[in-house]
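Below you'll find the structure, written out as structure tokens, and then a few comments.
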Amino acid sequence: MNDRENIIAGIKNTREEINIACEKSGRNRSEVKLLLATKTVSADRIRIAIEAGERLIGENRVQEYSEKFEAIKDLNCERHFIGHLQTNKIKEVLKYVSCIQSVDRIELAEKLDSRLQFEGRSINIFVQINTSFEESKFGIPPEEAFALIKKINNLDTLKIKGLMTIGLFSDDEVLVKKSYHLLREIKDKAIAEGLIAKDCSELSMGMSNDLEWAIAEGATMVRVGSAIFGRRN
Ligand SMILES: *Cc1c(COP(=O)(O)O)cnc(C)c1O
């Protein structure tokens with residue numbers, strides 16, 4: 001198979017995997033979106049995936065967005081940011097995306113808000129929570145999540161659409177699921193306490209190797225890179 005065929009096959013297999021995971025866990029297929037994690041993927045290869053019918057991409061690095069943006073800006077897709085965001089890159093990233101999934105600290109939220117106020121617009125965000133408790137991972141610790149959500153709710157330009165986590169890096173189904181289950185629990189509790197709206201409670205969780213487990217735990221968006229674009233160098 002050539003590169004195009006490989007990407008299209010990767011999409012087909014991933015969609016099928018999502019179908020099966022939904023069936024297994026008794027969920028409606030329409031509840032789960034596929035986000036293409038496109039870090040290190042060239043604009044031409046992203047184009048192939050969008051032409052195959054995908055509608056959502058996420059990049060990890062602002063620098064990479066700025067390098068690729070000219071070549072992908074005409075694509076009919078939604079663009080998210082899913083990587084760690086430094087406050088000095090805020091102005092830049094806001095040129096490229098309609099949603100930032102990695103809001104994980106008040107300083108970042110406040111600086112986003114002041115820039116957005118200056119620009120006179122708002123943006124969708126996800127609150128990133130470190131539900132795997134791995135020190136190497138970004139995301140706010142679960143016990144601090146509600147305080148952050150409350151502060152964000154006071155910022156007019158940031159609209160919380162849901163929560164995001166990077167699951168535990170492990171092959172152990174029980175432990176990985178636990179990290180996803182925790183995000184779902186936080187979501188349920190946040191809804192119960194009126195901190196987030198039910199129709200703004202997406203769960204962005206699950207990647208190439210564990211999307212089935214994430215869907216079983218309630219994911220509404222899985223972020224898939226290598227299963228579609230191949231291994232990254
Ligand atoms: C790279 C990345 C993914 C996708 O990882 P794969 O294992 O390649 O599917 C998902 N989410 C984030 C935040 C990523 O950086």
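First listed ligand is number 1; within each ligand, the first listed atom is number 1.
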ask   = Just how far is it from atom CE of Met164 to atom CD1 of Ile125, taken to the nearest 0.5 Å?
value = 11.5 Å
ask   = Side chains of Ser42 and Asp44: do they bring a donor and an acceptor to under 3.5 Å?
value = no
request  = Between Ala227, Ser208, Ser102, flag the one that comes closest to atom 9 (O) of ligand 1 by a heavy atom.
outcome  = Ser208
request  = Using a strict 4.0 Å cut-off to heavy atoms of Ser226, name the atoms of ligand 1 that fall inside it.
outcome  = 6 (P), 7 (O), 8 (O), 9 (O)
key: Thr157 side chain to Gln117 side chain, donor-acceptor N/O pair below 3.5 angstrom   = no
Ionic contact status for Lys137 with Glu134, cut-off 4.0 Å = yes
note = In ligand 1, the atoms that come under 4.0 Å of a heavy atom of Val224 are 9 (O)
key: Location of contacts on Asn60 toward ligand 1, heavy atoms closer than 4.0 Å   = side chain
ask   = Ion pair present between Arg29 and Glu23, side-chain N to carboxylate O less than 4.0 angstrom?
value = no
note = In this structure, atom 13 (C) of ligand 1 is nearest to the protein heavy atom Ile82 O, 3.6 Å
message = Please check whether Gly225 reaches ligand 1 - meaning an N/O of the residue sits under 3.5 Å from an N/O of the ligand, judged on distance alone.
response = yes
query = Strictly by modelled atom types, are Thr38 and Glu59 linked by a side-chain donor-acceptor pair under 3.5 Å?
reply = yes
query = Where is the nearest protein heavy atom to atom 10 (C) of ligand 1: which residue, which atom, and how far?
reply = Met207 SD, 3.1 Å
remark   = One finds that the ligand 1 atoms under 4.0 Å from a non-hydrogen atom of Arg223 are 4 (C), 9 (O), 10 (C), 11 (N), 12 (C), 13 (C)
message = Under a 3.5 Å distance rule, please check whether Arg45 uses its side chain to pair with a backbone N or O of Phe229 as donor and acceptor.
response = yes
message = Counting non-hydrogen protein atoms only, what is the nearest one to atom 1 (C) of ligand 1? Give residue, atom name and distance.
response = Lys39 NZ, 1.3 Å
ask   = Do any nitrogen or oxygen atoms of Arg232 lie less than 3.5 angstrom from nitrogen or oxygen atoms of ligand 1?
value = yes
key: Glu64/Lys68 ion pair, N-O < 4.0 Å   = yes
request  = Would you kindly specify which portion of Ala37 sits under 4.0 Å from ligand 1, judged on non-hydrogen atoms: side chain, backbone, both or neither?
outcome  = side chain
